Amino acid sequence: MAEDGSSGGGNGAGGNGGPAGSDDQTVALDLERLILDAPRRYTPYQAARAADVPMELATRFWRAMGFPDIGQSRALTDGDVIALRRLAGLVESGLLSESMAIQVARSTGQTTARLAGWQMDTFLENLTQSVEPGLTRADVAYPLVELLLPELEQFLVYVWRRQLAAVTGRVVQAAEDNEITSGRLAVGFADLVGFTRLSRRLEEEELGELVETFENTCSDLIVGQGGRVIKTLGDEILFVSEDPVTAAGIALGLIEALAEDDTIPALRVGMAFGTVTSRMGDVFGTTVNLASRLTSIAPKDAVLVDGEFAAALEQNGSVAPPDLDGPGLAGALSAAAGLPPSGPSGPSAPGPDGAHRFNLQPMWRRPVRGLGLVEPWLLSRRPRTA
């Protein structure tokens with residue numbers, strides 16, 4: 001039964017585990033029905049009426065999820081009606097405002113669109129390379145999706161619940177921590193040096209492998225040491241941490257880890273500490289902009305931090321002051337800015353592990369577009385003494 005007027009069979013398998021037709025349009029419809037587990041039944045207007053949701057709101061939800069306008073085509077299913085009803089119900093119950101519901105739809109749509117695109121590109125490319133003679137990728141796609149779909153669905157729900165638990169824990173902890181509540185974060189950008197020039201010389205497959213190695217190495221190290229990956233942009237990765245000491249360890253760890261791989265270009269990292277605005281999983285604000293600017297001026301295989309970040313490390317006792325007999329890093333920061341000393345009058349006390357973990361070297365002050373004069377500090381790891 002094909003209520004949308006297509007020629008595909010209702011079970012999509014034709015009795016042998018594959019699509020009933022062979023043309024691309026029929027295969028696409030069969031795959032859609034397999035994935036959605038429902039036939040096309042409604043026009044957008046009919047779906048909105050069935051969900052008892054105003055058409056204008058239904059359209060806003062649909063666009064926020066990342067789907068184009070479809071006119072009055074009969075393309076929606078019972079699942080679409082249920083989703084509209086659930087979102088509208090959250091608004092009607094007062095659990096979410098209408099604007100928050102739109103944000104939920106948009107953030108979910110953007111995240112899952114990228115995930116779905118990556119999954120299908122990867123699976124169809126890698127798992128259909130050795131198709132049997134006489135079979136096309138379209139012939140293989142249906143049974144492949146049929147096998148993967150339930151496993152991927154369960155895994156997606158598992159990972160989402162795990163991530164939700166981790167985020168919820170951070171939010172609850174933030175209620176007891178004034179610094180976290182104030183929105184102060186250590187923000188870091190890690191950027192591959194000379195990536196644009198390199199991309200012109202590499203074949204597409206080589207470039208893809210390089211980016212994948214970079215993203216995987218950085219992501220594993222960042223989350224493994226307690227940071228959070230905000231997003232990756234090919235040759236750049238943005239991460240944050242509530243703790244500047246953790247962020248410093250991550251940044252230097254990234255430099256060290258990628259230096260061991262001869263296929264990866266040199267890395268540079270810029271970090272800043274301060275107030276950050278978080279929205280839909282992304283971060284914004286002057287602190288983020290400053291970290292990005294510091295990355296652009298950082299030397300190869302080096303980490304630059306701003307004065308706030310440097311002062312936070314000294315307050316924690318994780319850095320060795322430039323002069324252990326002098327005024328300490330806080331005093332050096334004040335002197336560099338032409339201000340009277342405001343910090344400790346002597347060397348900072350070692351951190352919790354009983355030793356200074358990092359060194360900081362003041363760099364030349366320089367104008368940074370949109371941020372005025374900035375004095376970066378070069379961060380390095382302090383060699384452990386026997």
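Remember, it's a predicted structure, so these values are computed and weren't measured experimentally. In what follows, residues are counted from 1 in the order of the sequence shown.
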Exercise for review: Can you measure from CH2 (Trp160) to OG1 (Thr111) and round to the nearest 0.5 angstrom?
Suggested key: 12.5 Å
**Study point:** Interatomic distance, Phe214 atom CZ to Ile264 atom CD1 [nearest 0.5 angstrom]
**Key:** 8.0 Å
Review point. OG1/Thr295 to CZ/Phe189 distance, rounded to the nearest 0.5 angstrom?
Key: 6.5 Å
Review point. Rounded to the nearest 0.5 Å, how far apart are CG of Asp191 and CG of Leu238?
Key: 12.0 Å
Practice item. Would you mind checking if Glu92 and Arg85 are paired as a salt bridge, meaning a charged N to carboxylate O distance below 4.0 Å? Key: yes
Point to revise | Between CG on residue Asp243 and CD1 on residue Ile250, distance to nearest 0.5 Å | key: 9.0 Å
Study note, to complete from the structure: Distance col, row Ser318:OG vs Leu313:CG, nearest 0.5 angstrom, shows 6.0 Å
Review point. Could Arg40 and Glu32 be called an ion pair, given the rule that one side-chain N must be under 4.0 Å from one carboxylate O?
Key: yes
Point to revise | Residues Arg60 and Glu98 bridged, charged N to O under 4.0 Å | key: yes
Check your understanding: Is a salt bridge present between Glu242 and Arg184, judged by a nitrogen-to-oxygen distance below 4.0 Å?
Key -> no
Point to revise | Salt-bridge contact Asp69-Arg63 (side-chain N to carboxylate O under 4.0 Å) | key: yes
**Study point:** Ring geometry between Phe273 and Phe309 (parallel below 30°, tilted from 30 to 60°, perpendicular above 60°)
**Key:** perpendicular
